[in-house]
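In what follows, every chain begins at residue 1, and chains take the letters A, B, ... in the order their sequences are listed.
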Amino acid sequence: MFTFLKKDILILIRDRTELAILLGMPFILIAILGFALSGVLSGNTEVLSMEVAVVQEDDEQQGLVRFEEKLADSGMPAPARQGIMASAAESSPASLLQEVLNDEGLKELVVATEMDATSAKAALEEETVVAILTIPENFTFDALQKMIMDEGNGSSLQLMIAEHAATQSEVFHNIVEEFVWSLNFESAIAKAANGENVLPEAGQTQVGGVESVSSVNPINSFQYYTIGMAVMFALFVAATISGMAYVEKTQFVFQRILLSNHHPLVYLGGKAIAATLVTFLQFCILFFLSSLIFGAFDLSEGPFWLGILLITASLALCVGALTALLTAMTMRFGNDTITTVFSGGVVTIFAFLGGSFTPTAGLPAIVQQLGGWTPNGAALNAFLIWVQNLDMGMLFEPLGRIALLTVVLLSLSVMILPRKGEA
Amino acid sequence: MLETEELKKVFKGKTAVEGASLYIDKGESVGLLGPNGAGKSTTISMISTLLKPTAGDVRLNGKSVIKNPAEMRKVLGVVPQEIALYAELSAYENLKFFGRIYGLSGKQLETAIQQALALVGLKERQKEIVKTYSGGMKRRINIAAAMMHEPEVIIMDEPTVGIDPQSRSHILEMVRKLNKEKGLTVLYTSHYMEEVERLCDRVYIMDHGKIIASGTKDELKSILSSEETVLIELDRPYPEFFKELQSLDTIKQASETEKGIKLILPKGSRVLGQVFQASERHQVQIINVNVQTPSLEDVFLHLTGRKLRD
Ligand SMILES: Nc1ncnc2c1ncn2[C@@H]1O[C@H](COP(=O)(O)OP(=O)(O)O)[C@@H](O)[C@H]1O
Ligand SMILES: [Mg+2]
């Protein structure tokens with residue numbers, strides 16, 4: 001079997017076209033999708049539109065008055081003082097923030113409602129808002145003092161993000177951050193993210209959708225598409241290796257193998273193991289490159305990668321089984337229609353169902369269910385869970401599905417394979 | 001040592017081979033001659049246990065191999081009609097793989113590879129990728145791959161199709177040596193009668209799935225012993241002249257060749273006088289007239305009324 005395996009891998013390495021499909025294409029797609037959709041996992045603003053609560057603890061007027069007194073105390077000449085005050089009133093951070101939030105262009109995306117702290121918290125818990133932006137006490141005064149006189153510690157806006165809609169709240173976070181940047185505040189956003197303490201029950205129960213899962217440990221577009229493309233292109237490994245079987249059969253090489261008194265099962269096993277190994281290597285290369293170049297994952301986190309390798313190994317075995325099935329069918333029916341249909345249609349359908357292109361959370365439940373039973377969909381599920389929770393226990397279900405698929409595919413292929421070396 | 005009994009193969013209602021009985025003794029070189037589509041490859045596939053016959057039997061030393069192909073496979077080397085090699089691998093890597101699957105390894109494997117390469121005269125170019133080889137070189141490696149496990153019987157299916165004359169004569173000479181010097185038993189399939197005529201002691205002629213004649217070359221030619229072949233070389237085709245010859249009762253068969261006309265006549269017939277008279281009537285320019293001893297090609301023509309290569 002090792003002889004067969006070595007030969008298949010050697011041939012694959014020599015074949016530039018196949019290598020380009022298995023490694024080059026997914027990598028390019030990761031780059032394109034990752035950049036195009038960075039921060040936003042869906043281009044649809046409708047999906048992203050959100051309501052946020054603004055808790056105003058700052059009294060702008062009082063802040064301005066206090067600031068004027070402070071200026072007066074500093075002994076600044078009156079004309080200069082008046083000039084500064086005019087511009088401070090004009091561009092007080094609090095009113096600028098209001099302007100941003102009520103901006104016409106942003107209205108489609110963000111609807112900000114002013115609330116008091118208690119009702120805001122209630123709204124977050126009821127999931128009617130996705131985030132609470134708190135403008136703290138003395139915000140105007142502290143900010144102006146820092147901006148203009150470089151005194152004090154400045155101020156911090158506080159952002160509390162809900163767990164049930166992490167994509168949206170992530171976007172809102174970006175908006176606020178953008179605002180802070182543009183003001184050139186030396187203030188940081190204390191991001192009181194998430195919270196297990198805020199909403200202990202939510203999240204975690206649903207898996208498979210980016211919104212729900214990513215609230216635990218937000219996932220970025222490069223991470224998503226590294227996983228999505230890798231699991232999709234793993235399916236092409238099955239097509240490639242079983243395609244090699246077709247060539248071997250039509251060119252009589254397979255018959256030579258039979259003539260050497262090898263049972264067809266040995267040959268089938270060689271194909272399955274070759275596909276498993278190639279898939280595993282493909283993942284390692286894609287994840288490594290994507291982390292190195294796009295910073296998708298932190299390469300230094302050992303335990304994190306252990307889980308990734310475990311999921312990859314499971315999927316690789318499943319791809320091996322799938323390869324065995326495609327090979328057996330090719331041998332049985334003597335044509336390559338099966339491989340062609342598989343790589344030309346089935347892979348795309350599986351990739352869509354499994355969420356390689358777009359998270360399935362927004363799709364009908366039946367699609368999500370079906371997707372969860374594709375090898376790529378189950379693996380994508382497992383990867384997302386792992387990236388966000390780092391919890392081995394939660395991998396049991398998707399990995400179980402992959403294992404079951406593997407066994408079923410292998411049994412089918414053994415049943416379908418023609419016996420006794422009749423070619 | 002090897003025989004088939006009434007082999008028959010039907011593909012989806014279409015009979016490819018019917019009633020094929022043949023035998024090959026140890027050390028013999030046997031030819032299977034027939035035009036494309038005659039059923040040669042199908043017959044060979046059944047003999048080499050790669051195709052189950054619809055009916056009939058294949059026996060090795062008296063034992064049927066259909067239920068138990070392993071014994072046959074051990075002694076058999078098959079050179080398929082296709083170039084059954086990995087195009088992306090070098091000649092060396094191909095032979096290494098095919099040697100490995102026959103259980104060779106280490107020094108033994110290396111020796112076998114080098115011997116096979118020496119046999120086909122491609123030692124110097126063994127590291128090159130097969131797909132960069134010429135057609136003739138591919139055919140030679142195709143043969144080498146079948147020799148890795150030192151088979152006792154080698155079955156070759158049209159091993160010289162589509163190659164340059166040099167490779168072709170190399171292959172023919174090699175097969176002749178393997179048979180005459182190493183005592184290898186050979187079953188050689190071709191639609192080139194010159195090859196079979198040169199290599200084989202005994203010949204089976206196949207057409208439309210059936211063996212229509214068999215015997216040693218002389219036996220087959222004696223079918224034609226009552227006939228002789230006359231080649232008339234002309235400066236250009238003369239259709240009217242040809243028609244007239246065809247219509248003559250004394251001429252068994254008239255066919256057009258590249259250079260003129262070929263006639264098969266009853267031996268000793270005085271028909272040539274008539275031919276010359278006709279040529280004068282049609283103002284035919286005869287360049288050369290040649291009375292030949294018959295070839296296997298003529299035997300085939302005699303048996304089927306067709307040429308081997310149409
Ligand atoms: N696998 C097959 N399925 C259907 N028909 C076949 C198959 N293999 C061969 N044939 C048919 O059987 C006949 C004999 O073919 P073949 O044995 O290849 O002839 P040859 O080798 O003498 O050229 C041809 O008419 C061919 O079309
Ligand atoms: Mg043939």
Side-chain angles (χ1 to χ4, degrees), chain A residues 1-22 240-271 273-274 278 331-336 417-423, chain B residues 11-12 41 44-53 65-90 92-105 109 129-132 138 142 145-149 151 153-155 157:
Chain A
M1 223 181 273
F2 180 70
T3 308
F4 295 113
L5 172 88
K6 209 171 118 188
K7 172 259 312 168
D8 277 347
I9 289 177
L10 191 59
I11 291 172
L12 193 61
I13 290 170
R14 297 265 167 89
D15 192 335
R16 299 240 173 85
T17 336
E18 291 295 354
L19 275 190
I21 290 175
L22 296 183
T240 301
I241 304 266
S242 58
M244 284 161 68
Y246 174 68
V247 174
E248 286 176 325
K249 167 122 187 186
T250 51
Q251 297 191 344
F252 221 84
V253 181
F254 175 65
Q255 286 82 336
R256 278 209 154 131
I257 293 168
L258 291 181
L259 284 171
S260 69
N261 269 328
H262 276 286
H263 196 278
L265 272 180
V266 177
Y267 172 80
L268 195 72
K271 285 272 175 284
I273 297 175
V278 169
M331 292 300 165
R332 181 70 175 235
F333 304 119
N335 60 47
D336 65 343
L417 187 75
R419 284 311 137 112
K420 276 287 170 193
E422 207 211 316
Chain B
F11 290 114
K12 296 174 196 119
S41 298
I44 278 185
S45 293
M46 289 189 282
I47 296 175
S48 45
T49 74
L50 290 171
L51 194 64
K52 232 191 194 104
V65 300
I66 291 173
K67 285 267 155 58
N68 197 351
E71 284 303 310
M72 178 69 119
R73 289 176 179 181
K74 254 182 240 163
V75 299
L76 204 62
V78 178
V79 181
Q81 194 172 343
E82 297 84 1
I83 307 285
L85 301 169
Y86 292 104
E88 307 282 344
L89 302 186
S90 69
Y92 176 85
E93 287 160 343
N94 265 288
L95 295 184
K96 193 165 181 175
F97 172 73
F98 291 117
R100 276 251 166 80
I101 62 175
Y102 274 103
L104 299 178
S105 63
L109 175 62
I129 304 295
V130 163
K131 70 176 172 194
T132 65
K138 284 180 193 163
N142 203 30
M147 303 294 298
M148 290 298 293
H149 60 296
V153 184
I154 186 145
I155 298 185
D157 194 354

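- Contact of B:Asn142 with chain A is made through backbone and side chain together, with heavy-atom distances under 4.5 Å.
- You'll find the side chain of B:Leu51 reaches within 4.5 Å of the side chain of B:Phe11, heavy atoms only.
- You'll find the side chain of A:Ile273 stays beyond 4.5 Å of the side chain of A:Phe2, heavy atoms only.
- Heavy-atom pairs under 4.5 Å with chain A were tallied for B:Leu89, B:Val78, B:Ile83; the largest tally goes to B:Leu89.
- Heavy-atom distances place both the backbone and the side chain of B:Leu85 under 4.5 Å from chain A.
- Side-chain contact between A:Ile21 and A:Thr240 is absent, with no heavy atoms from C-beta onward closer than 4.5 Å.
- Looking only at heavy-atom pairs under 4.5 Å with chain A, the residue among B:Pro80, B:Gly103, B:Ala84 that has the most is B:Ala84.
- When side chains are defined from C-beta on, B:His149 does not count as touching B:Leu104, because their heavy atoms never get closer than 4.5 Å.
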Next item on the list: Go through the steps to decide whether B:Glu71 and B:Lys74 satisfy the test salt bridge (Lys or Arg N to Asp or Glu O under 4.0 Å), and finish with yes or no.
Entry: CA-CA 5 Å; B:Glu71 284 303 310; B:Lys74 254 182 240 163; 3.5 Å; yes
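- Ring geometry for B:Tyr86 against B:Phe97 counts as perpendicular: the plane angle is over 60°, on a 0 to 90° scale with 30° as the lower cut.
- With a 4.5 angstrom heavy-atom cutoff, B:Ile101 touches chain A via backbone and side-chain atoms both.
- Proximity to chain A (any heavy atom under 4.5 Å) is shown, for B:Ala87, by neither the backbone nor the side chain.
- Most heavy-atom pairs under 4.5 Å with chain A: of the set B:Gln81, B:Glu88, B:Met148, this distinction falls to B:Glu88.
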